[in-house]
Amino acid sequence: MSSTHFGFQTVDESEKASRVRGVFDSVASKYDVMNDVMSGGLHRAWKAYTLMVANLKEGDKALDIAGGTGDLSLAFSKKVGASGQVVHTDINEAMLRVGRDRLTDKGVILPTLVCDAEKLPFPDNYFDLVSVAFGLRNMTHKDAALKEMNRVLRPGGKLLVLEFSKVAKPLEKVYDWYSFKILPTMGKMIAGDAESYRYLAESIRMHPGQKELKALMQQCGFGHVDYHNMTGGVCALHVGIKC
Ligand SMILES: C[S@@+](CC[C@H](N)C(=O)[O-])C[C@H]1O[C@@H](n2cnc3c(N)ncnc32)[C@H](O)[C@@H]1O
């Protein structure tokens, strides 16, 4: 049996998805408020930049993978208009339900689908844009998921991977202190769950850095890959074009 990592722990591959599900079942109802508090609202700027790079037009078809509470789906839907299509997906029902309710409250109704990024239920060459924001890190087989994202994109289509990444050297100490001391405390106070936010900090350290992720995307079939660091590398946006 193969093993993988769940944060700093080594677990059997078959266990990881259910451990990740436990994290997002636990934090779903407080996910949005925690995002604002722990990033000081910065996640909104990272997503706004992602939307700008997406450069969606009326009539485009976009797939939001690991879409969770729906920030990107909502923003995409405003760009593609009534003639376009945005599909809001996630493996976790609790996260999707919060997202779907939020979007409905804003008068936006999208196809919302529970699905695993490693086995996408969509045809080949279909979407103009695929996004995955803060989701890839949690996937057991990142290569399988990236290959699926490549498959469902049309030739010339764009994959956007927004993810925590490797911070610049001068920020490392303060970032570690914030991640391992402050984040779990905030998680405990606001979401009643320190462990899930400890997992967040650990999973970020285990995720490939900017250059490694770029190489992985190239191995998974993306012809042109580039990345843009944000906030000193706390976060990076990788852009992959399907040949
Ligand atoms: C940190 S949340 C990100 C939510 C949203 N994209 C955002 O940026 O706010 C990560 C999401 O990845 C989802 N996820 C984890 N593994 C997945 C998989 N294999 N396929 C699809 N979604 C997955 C989780 O259920 C969770 O909702």
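Atoms within each ligand, like the ligands themselves, are counted from 1 in listed order. It should be emphasised that the depicted structure is a prediction, and the values quoted were computed from it without experimental measurement.
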Side chain His207, main chain Ser165, donor-acceptor under 3.5 Å: no
Contact with ligand 1 for Met139, non-hydrogen, under 4.0 angstrom: yes
Mutual orientation of the aromatic rings belonging to Phe164 and Phe134 [parallel < 30°, tilted 30-60°, perpendicular > 60°]: tilted
Glu118, portion touching ligand 1 at heavy-atom distance under 4.0 Å: neither
Atoms in ligand 1 with a heavy atom of Asn92 nearer than 4.0 Å: 25 (O)
No-hydrogen, no-angle side-chain donor-acceptor test under 3.5 Å, His141 and Glu13: yes
Nearest-neighbour protein heavy atom for atom 25 (O) of ligand 1, which is reported as residue plus atom name and distance: Asp90 OD1, 2.6 Å
Candidate list Glu148, Lys147, Met139, test side chain to side chain contact (heavy atoms under 4.5 Å, CB included), partner Glu118, passing option: Met139
Ligand-side contact atoms (ligand 1) for residue partner Gly67, heavy atom cut-off under 4.0 Å: 5 (C), 6 (N)
Distance-only donor-acceptor check, side chains Asp193 and Tyr197, under 3.5 Å: no
Asp116 N/O to ligand 1 N/O under 3.5 Å: yes
Any donor-acceptor N/O pair, Lys166 side chain to Lys211 backbone, under 3.5 Å: no
Enumerated ligand 1 atoms positioned under 4.0 Å from heavy atoms of Gly135: 12 (O)
Minimum-distance pair of heavy atoms, taken over all atoms of Asn35 and His43: O-CD2, 3.6 Å
Residue and atom name of the nearest protein heavy atom (relative to atom 12 (O) of ligand 1), distance in Å to one decimal: Ala66 CB, 3.3 Å
Test: Asp128 and Lys57 ion pair at under 4.0 Å: no
Main-chain N/O of Asp226 paired with Lys214 side-chain donor or acceptor, under 3.5 Å: no
Under-4.0 Å heavy-atom contact with ligand 1, by part of Ala17 that carries it: neither
Pairing of Asp36 and Arg44 as salt bridge, 4.0 angstrom limit: yes
Nearest-contact summary for atom 22 (N) of ligand 1 - protein heavy atom, Å: Ile91 N, 3.4 Å
N-O pairing of Glu195 and Arg198 below 4.0 Å: yes
Residue Cys115 vicinity, atoms of ligand 1 by number, heavy atom under 4.0 Å: 20 (N), 21 (C)
Closest approach of any protein heavy atom to atom 2 (S) of ligand 1, naming residue and atom: Tyr31 OH, 3.4 Å
His43 near ligand 1 by a heavy-atom separation under 4.0 Å: no
Ligand 1 atoms in contact with Met95 (distance to a heavy atom under 4.0 Å): 27 (O)
Min N/O separation Ala133 to ligand 1 under 3.5 Å: yes
Part of Phe134 with heavy atoms under 4.0 Å of ligand 1, whether side chain, backbone, both or neither: both
Leu96 backbone acceptor or donor facing Asp90 side chain under 3.5 Å: no
Ligand-residue contact atoms, ligand 1 with Lys47, heavy atoms, under 4.0 Å: 7 (C), 8 (O), 9 (O)
Numbered atoms and elements of ligand 1 in range of Asn138, under 4.0 angstrom, heavy atoms: 10 (C), 15 (C)
Atom 20 (N) of ligand 1: the protein heavy-atom neighbour that sits closest, reported with distance to 0.1 Å: Ala117 N, 2.9 Å
